[in-house]
Amino acid sequence: MNNNLFFKLKENLNNNDFIDINDLKNICFVHDNTSLKIEIDYKLSNSGKNSDKTNSINEFMLYDDNKLIGYAGICDFGGEEIEVNGMVHPDYRRKRIFTRLFSLVKDEFKRRENKAMLLLSDNNSVGGIEFIKNITDDFSHSEYDMNLDMDASQNVSFNNLIFRKAVIADIDKIKEANFEFFSDNDIKEISSGITYLLEADNILIGKVRLEIIDNIGGIYGLEVLPDYRGKGYGRELLILSIKKLKESNVKIINLQVETNNKNALNLYKSCGFKENYTMDYYRLNKSL
């Protein structure tokens with residue numbers, strides 16, 4: 001291997017790291033015509049916020065002099081699993097570069113309490129899927145990445161609902177509701193004003209997380225409690241989320257949905273969302 005190669009391992013990204021990784025992402029996208037879910041916008045915006053993750057390594061970079069040629073990243077959204085994705089510069093492939101990066105990722109995984117990692121690849125990436133299947137054939141699920149047709153129209157149907165930001169005083173109420181998609185990380189982010197609640201007659205019936213990064217609005221963890229499903233509240237929560245993001249003049253509104261969640265998929269399509277690509281997830285359990 002080239003003597004000028006060196007690794008850079010970090011807990012968080014800074015602006016220079018972001019530029020290098022984003023440039024490599026764009027090179028790989030043009031070359032492969034496949035997508036990467038590496039979450040670097042999210043990571044940069046949250047850099048330094050997760051003080052309890054001190055001494056953990058999330059960013060694995062390999063350079064040739066000042067040129068980033070390989071990257072692997074860990075995303076920890078709370079819970080038992082971490083997500084791992086990465087890429088190698090087209091000119092440096094078939095040199096076991098990602099194998100070396102992934103070896104460092106596995107070492108970090110062993111040090112953590114997480115029980116499993118999810119390995120991600122665009123469904124159309126032959127090389128990505130091949131690499132993952134050499135590690136694990138435990139397929140977990142697939143997700144559609146979807147963007148909203150910003151010209152599509154949506155109309156609210158209820159006039160007795162309250163859609164508002166969650167505040168610290170709501171934490172106990174949210175915990176007691178037992179939402180399926182809610183973790184300790186979500187509780188920490190309530191103070192940042194990105195979690196919204198849907199209420200009817202002062203009763204909590206749904207929640208969602210809305211994020212805006214670089215004029216791109218994201219809808220995450222949209223959920224209506226079981227007793228209120230099938231009554232149109234999910235659609236209402238989605239429409240109110242879209243309207244709130246549009247108030248901030250975002251250019252794109254994005255979300256992800258599991259491909260086998262037909263009810264949610266039909267809902268999103270009916271409100272103007274269209275599929276961009278499919279991301280496959282494979283599970284690697286920690287050895288006991």
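Atom set for the values below is all heavy atoms of this structure, side chains included, hydrogens, waters and symmetry mates excluded.
- Counted by atom type alone, Asp280 and Ser142 present one or more donor-acceptor pairs between their side chains at under 3.5 Å.
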Requested in this report: Kindly indicate, with the supporting measurements, whether the criterion ring pair (Phe, Tyr, Trp, His ring centres under 6.0 Å) is fulfilled by Phe77 and Tyr42.
Outcome: CA-CA 11 Å; Phe77 299 110; Tyr42 171 82; 5.5 Å; yes
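- Asp64 CG to Asn4 CG: the interatomic distance, rounded to the nearest 0.5 Å, is 6.0 Å.
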Report task. Begin from the C-alpha positions of Tyr268 and Tyr144 and carry the test ring pair (Phe, Tyr, Trp, His ring centres under 6.0 Å) through to its verdict. Result -> CA-CA 11 Å; Tyr268 299 147; Tyr144 290 128; over 10 Å; no
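- Looking at heavy atoms from C-beta onward, Leu245 lies in side-chain contact with Ile212 at the 4.5 angstrom threshold.
- Around CG of Asn33, the count of heavy atoms belonging to other residues, nucleotides or ligands within 6.0 Å does not exceed 12.
- At least one donor-acceptor pair closer than 3.5 Å links the side chain of Ser241 to the backbone N or O of Leu237.
- In this structure, Lys286 does not pair ionically with Glu81, as no charged nitrogen and carboxylate oxygen lie closer than 4.0 Å.
- At distances below 3.5 Å, not a single donor-acceptor pair connects side-chain atoms of Asp65 with backbone N or O atoms of Lys67.
- Between Tyr281 and His141, the angle of the ring planes stays under 30°, which puts this pair in the parallel group of the 30/60° scheme.
- Side-chain N/O atoms of Arg111 and Ser56 include no donor and acceptor closer than 3.5 Å.
- Linking ILVMFWY residues whenever their side-chain heavy atoms come closer than 4.5 Å, directly or via other members, leaves Met279 and Leu284 in distinct clusters.
- Under the 3.5 Å distance criterion, with hydrogens and angles disregarded, a donor-acceptor pair is assigned to the side chains of Gln256 and Asp145.
- Atom CG of residue Leu197 and atom CD1 of residue Ile162 lie 10.5 Å apart, to the nearest 0.5 angstrom.
- Put simply, CG on Asp41 and CG on Leu13 are 10.0 Å apart, with the number rounded to the nearest 0.5 Å.
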Requested in this report: For side chain to side chain contact (heavy atoms under 4.5 Å, CB included), just list the numbers for Ile38 and Tyr71, CA-CA rounded to whole Å, side-chain angles, deciding distance to a tenth of an Å, and then say yes or no.
Outcome: CA-CA 10 Å; Ile38 54 178; Tyr71 169 76; 4.2 Å; yes
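- Counting only distance, with no hydrogens or angles, the side chain of Arg283 and the backbone of Met117 share no donor-acceptor pair below 3.5 Å.
- Under a hydrophobic-cluster definition in which Ile, Leu, Val, Met, Phe, Trp and Tyr are linked whenever side-chain heavy atoms come within less than 4.5 Å, directly or via other members, Val30 and Leu68 are assigned to different clusters.
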Report task. Decide side chain to side chain contact (heavy atoms under 4.5 Å, CB included) for Met61 and Ile21; before the verdict, give the C-alpha distance in whole Å, the side-chain angles of both, and the deciding distance to 0.1 Å. Result -> CA-CA 9 Å; Met61 294 167 272; Ile21 297 169; 4.1 Å; yes
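- With respect to the salt-bridge test (charged N to carboxylate O, under 4.0 angstrom), the residues Glu199 and Arg164 qualify.
- Ile252 places none of its side-chain heavy atoms less than 4.5 Å from the side chain of Asn215.
- Using a 4.5 Å cut-off between side-chain heavy atoms of Ile, Leu, Val, Met, Phe, Trp and Tyr, with links allowed through other members, Leu104 and Leu120 fall into different hydrophobic clusters.
- Salt-bridge annotation for Glu247 and Lys243: absent, with no side-chain N of the basic residue lying under 4.0 Å from a carboxylate O of the acidic one.
- Of the possible polar contacts, none joining the Glu83 side chain to the Leu119 backbone as a donor-acceptor pair under 3.5 Å is found.
- Ring pair Phe60/Phe102: centre-to-centre distance not below 6.0 Å.
- Comment: Glu59 does not engage Lys8 in a salt bridge, judged by the lack of any side-chain N to carboxylate O separation of less than 4.0 angstrom.
- Both tests do not hold together for Lys207 against Tyr196: distance to the six-membered ring centre under 6.0 Å, angle to the ring axis within 45°.
- Counting heavy atoms from C-beta outward, Tyr277 and Asn123 have side chains that stay 4.5 Å or more apart.
- The aromatic rings of Phe131 and Phe98 lie perpendicular to each other, with more than 60° between the two planes, well past the 30° mark.
- Judged by the 6.0 Å and 45° rule, Lys133 forms no cation-pi pair with Tyr282.
- A side-chain donor-acceptor contact under 3.5 Å links Asn254 to the backbone of Met146.
- A side-chain donor-acceptor contact under 3.5 Å links Thr136 to the backbone of Asp138.
- Considering CZ of Phe18 and CG of Asp20, their distance stands at 11.0 Å, rounded to 0.5 Å.
- Note on Phe139: it clusters hydrophobically with Ile129, by side-chain heavy-atom contacts below 4.5 Å among ILVMFWY residues.
- One finds no salt bridge joining Glu108 and Lys110 here, because no Lys/Arg side-chain nitrogen approaches an Asp/Glu carboxylate oxygen to under 4.0 Å.
- No side-chain donor-acceptor contact under 3.5 Å links Asp170 to the backbone of Lys173.
- Remark: Glu211 engages Arg209 in a salt bridge, criterion side-chain N to carboxylate O under 4.0 Å.
- Between Ile40 and Asn22 there is a side-chain heavy-atom pair separated by less than 4.5 Å.
- Side chain of Asp32 to backbone of Thr34: no donor-acceptor contact under 3.5 angstrom is found.
- Counting heavy atoms from C-beta outward, Ser121 and Asn85 have side chains that stay 4.5 Å or more apart.
- A side-chain N or O of Asn276 and one of Asn147 form a donor-acceptor pair less than 3.5 Å apart.
- Here Leu222 contributes atom CG and Ile219 contributes atom CD1; the two are 7.0 Å apart, rounded to the nearest 0.5 Å.
- Around atom CG of Asn66, no more than 12 heavy atoms belonging to other residues, nucleotides or ligands sit under 6.0 Å away.
- Between Tyr92 and His89, the ring-plane angle classifies as perpendicular under the 30° and 60° cut-offs.
- Atom CZ of Arg96 sits in a sparse spot, with 12 or fewer heavy atoms from other residues, nucleotides or ligands closer than 6.0 Å.
- In this structure, the separation between CG on Leu161 and CD1 on Ile203 is 11.5 Å, given to the nearest 0.5 Å.
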Requested in this report: Just do the side chain to side chain contact (heavy atoms under 4.5 Å, CB included) check on Arg235 and Gln154 with the steps written out, would you?
Outcome: CA-CA 10 Å; Arg235 182 181 183 83; Gln154 304 91 18; 5.7 Å; no
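- The shortest side-chain heavy-atom distance between Ser35 and Lys25 does not fall under the 4.5 Å cut-off.
- Distance alone, capped at 3.5 Å, places no donor-acceptor pair between the Glu223 side chain and the Phe179 backbone.
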Query raised in the report: How far apart are the C-alpha atoms of Glu80 and Asn114, what are their side-chain angles, what is the distance that settles it, and do they pass the side chain to side chain contact (heavy atoms under 4.5 Å, CB included) test?
Result: CA-CA 5 Å; Glu80 297 183 345; Asn114 305 87; 5.9 Å; no
